[in-house]
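Treat the numbers as computed from the prediction; the structure is a model and nothing was measured.
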Number of protein chains: 2
Amino acid sequence: MAVKYKEIADELEKDIRDGKFDETKKLPTEEELIKKYEVSRNTIRKAVTQLVNRGLVYQVQGSGMFLREKSETDFINLGSLRGLTKDLTSKKIETKILALHVVEADEEIAKQLRCDTGTKLYYSKRLRLVENEPFSIEISYFKKDIVPYLNEDIASNSIYSYLIEDLKLNIGFADKVINCEKINEENADLLQVNPLDPALIIENTVCLTNGTIFELSKSLFHYQKAKILNRINFK
Amino acid sequence: MAVKYKEIADELEKDIRDGKFDETKKLPTEEELIKKYEVSRNTIRKAVTQLVNRGLVYQVQGSGMFLREKSETDFINLGSLRGLTKDLTSKKIETKILALHVVEADEEIAKQLRCDTGTKLYYSKRLRLVENEPFSIEISYFKKDIVPYLNEDIASNSIYSYLIEDLKLNIGFADKVINCEKINEENADLLQVNPLDPALIIENTVCLTNGTIFELSKSLFHYQKAKILNRINFK
DNA sequence: AAGTGGTCTAGACCACCGT
DNA sequence: CGGTGGTCTAGACCACTTC
């Protein structure tokens, strides 16, 4: 880390989650935070901006910085990097690997990944279970030159933890497209719903900080169990 | 406006949309923008941060500031304040008002709006048509003390334009919950789909900058016609 | 090594909220 | 009016990319 404003943001986030400001529902003033952390005002403001972007805090000019109401837990957080493992912390999550191997990009995938057809990719298909019940099906393609190695052990846990902590990938931004469809027979079977029941779908295109696309994924969620939460700030 | 960094952000956004940087797919360097707009570096950086948050640009340390690929048009943009009218600019949008009147908050709504039961609210139910076909059903509750007046004429166009430009409301942040359900008979009829077909749903709780909740809405989208786009930045 | 973005500081002045 | 956030400046130094 070693970056002050991020460290302060993370520490404040922890304090917020620990309920340290629950009585007042307010953060200390900028002045107080400046003294506490011994940094300049801009650094405090940058840290707080992080909290605002994370949906934890809102600022009112002339009045103070307030906690947003705690969001429902157990929702899928669109803005969070890692997937289920971090979103549904209170639940038991299991992963069943349905497929994991190297493939070559066909024309369609190559176009979406902005690479040549034939480029080597990891293909994975996983069934995620929450509290022992089928929750989602996740199909992913990773560019092999960026993710050179993947195995069942890694894919059974959080792939993203591996990408970030082990491979040290710098993940920058993503496009997410959400819609819903009638589910097909094969997937209905996996999610234990009826064919033609709805499925909530997120298609995800993920880029490194330098702009390179490295992952394409499609997740199908159980329509009765999954809800997506997104906290938005205007201004 | 009168705020420099927002003005610069808006001007740059316009330039981007006008294709002014399409050849290089890069913004001018910070140095060049500082000279062009005659402001300090921090002001330029704040303006660019806006563009990053809007999903238009990404920054690469040591290299430059690059345009993100143009997103599919005709998607519902989760992050945008106004609704369909701004998202699907290329399309013909019509609104049919199914209900619009003042009601008193029942227990359930009062709880969600953090107000007393019996509080006066505007209730509206609208059918939105895109290119002459049913697209979504939008049900909204507005606190009447914050939105004192609403009529069919306003609700036929963009309610949000009215709230912002006429009522000068300062809209701050929102919680959006997305899921999908089987549609009921009445709504299936309106959207011209079959009962039990899927519906994509967004439930929205909107607050002013001072933290007051003023709107609650639920939108049901035609499952084959609606896609939601969300551009996310990590870091 | 030169170019370009990222972090941090110190200080000035403005705008808004509440008493 | 005092307290608190919002905008803006000017300058220093660091980190990464590119050649």
Subject >> Residue that, paired with B:Thr95, satisfies side-chain hydrogen bond (donor to acceptor under 3.5 Å, both in side chains) out of B:Glu138, B:Glu152, B:Arg128, B:Arg126 >> reply: B:Arg128
Original post:
Counting only non-hydrogen atoms, which of residues 30-38 of chain A are less than 4.0 Å from DNA chain D?
Top reply: A:Glu30
Original post:
Rounded to the nearest Å, what distance is computed from the CZ atom of residue A:Phe66 to the C1' atom of nucleotide C:dC17?
Top reply: 9 Å
What pairs of nitrogen or oxygen atoms, one from the protein and one from nucleotides 13-16 of chain C, lie under 3.5 Å apart?
| residue | atom | partner | partner atom | Å |
| --- | --- | --- | --- | --- |
| C:dA15 | O4' | A:Gln61 | NE2 | 3.4 |
| C:dA15 | N3 | A:Gln61 | NE2 | 3.2 |

Original post:
When the distance from CG of A:Leu208 to P of D:dT17 is rounded to whole Å, what number comes out?
Top reply: 11 Å
Original post:
So, does B:Asp175 use its side chain to make a donor-acceptor pair with the main chain of A:Ser71 at under 3.5 Å?
Top reply: no
Original post:
Are side-chain heavy atoms of B:Glu215 and B:Ser140 found at a separation under 4.5 Å?
Top reply: yes
**OP:** Could you check which of D:dT9, C:dT7, D:dG5 has an atom nearest any side-chain atom of B:Ser40?
**Re:** D:dT9
Original post:
Which of these nucleotides, C:dT7, C:dT9, D:dT7, is closest to any side-chain atom of B:Lys46?
Top reply: D:dT7
**OP:** Take the protein atom OH of B:Tyr58 and the nucleotide atom P of C:dG6, then report the distance between them rounded to whole Å.
**Re:** 13 Å
Original post:
If you round to the nearest 0.5 Å, how far is OG of A:Ser219 from CD1 of A:Ile201?
Top reply: 9.5 Å
**OP:** Ignoring backbone atoms, test whether B:Arg45 places a side-chain nitrogen or oxygen under 4.0 Å from the OP1 or OP2 oxygen of C:dG6.
**Re:** yes
**OP:** Give the rounded distance in Å between these two atoms: OH of A:Tyr5 and P of C:dC8.
**Re:** 7 Å
Subject >> Whole-Å gap separating C1' (C:dT9) and NZ (A:Lys4) >> reply: 8 Å
Original post:
Starting at NZ of A:Lys235 and ending at P of D:dG5, how long is that distance when rounded to a whole Å?
Top reply: 12 Å
Original post:
Is the shortest side-chain N to carboxylate O distance from A:Glu203 to A:Lys176 below 4.0 Å?
Top reply: no
Subject >> Carboxylate-amine/guanidinium proximity below 4.0 Å for B:Glu72 and B:Lys227 >> reply: no
Original post:
Which heavy atom of A:Val52 sits nearest a heavy atom of A:Asn233, and at what distance?
Top reply: O-ND2, 2.8 Å
Original post:
Rounded to whole angstrom units, what separation is found between the CG atom of A:Asn42 and the C1' atom of D:dG11?
Top reply: 13 Å
Original post:
Within this structure, what is the CG-to-P distance between A:Asn210 and C:dG6, rounded to whole angstrom?
Top reply: 13 Å
Original post:
Between D:dC8, D:dT7, D:dG5, which nucleotide has the shortest distance from any of its atoms to the side chain of A:Thr29?
Top reply: D:dG5
Subject >> Residue closer to the 5' end of DNA chain C, B:Gln59 versus A:Val39 (nearest nucleotide) >> reply: B:Gln59
Subject >> Nearest listed nucleotide, side chain of A:Val60, among C:dC17, C:dG6, D:dC8 >> reply: C:dC17
Original post:
Under a 4.5 Å cut-off applied to non-hydrogen side-chain atoms, are A:Phe21 and A:Pro28 in contact?
Top reply: yes
**OP:** To the nearest 0.5 angstrom, please state how far the NZ atom of B:Lys143 sits from the OG1 atom of B:Thr119.
**Re:** 7.5 Å
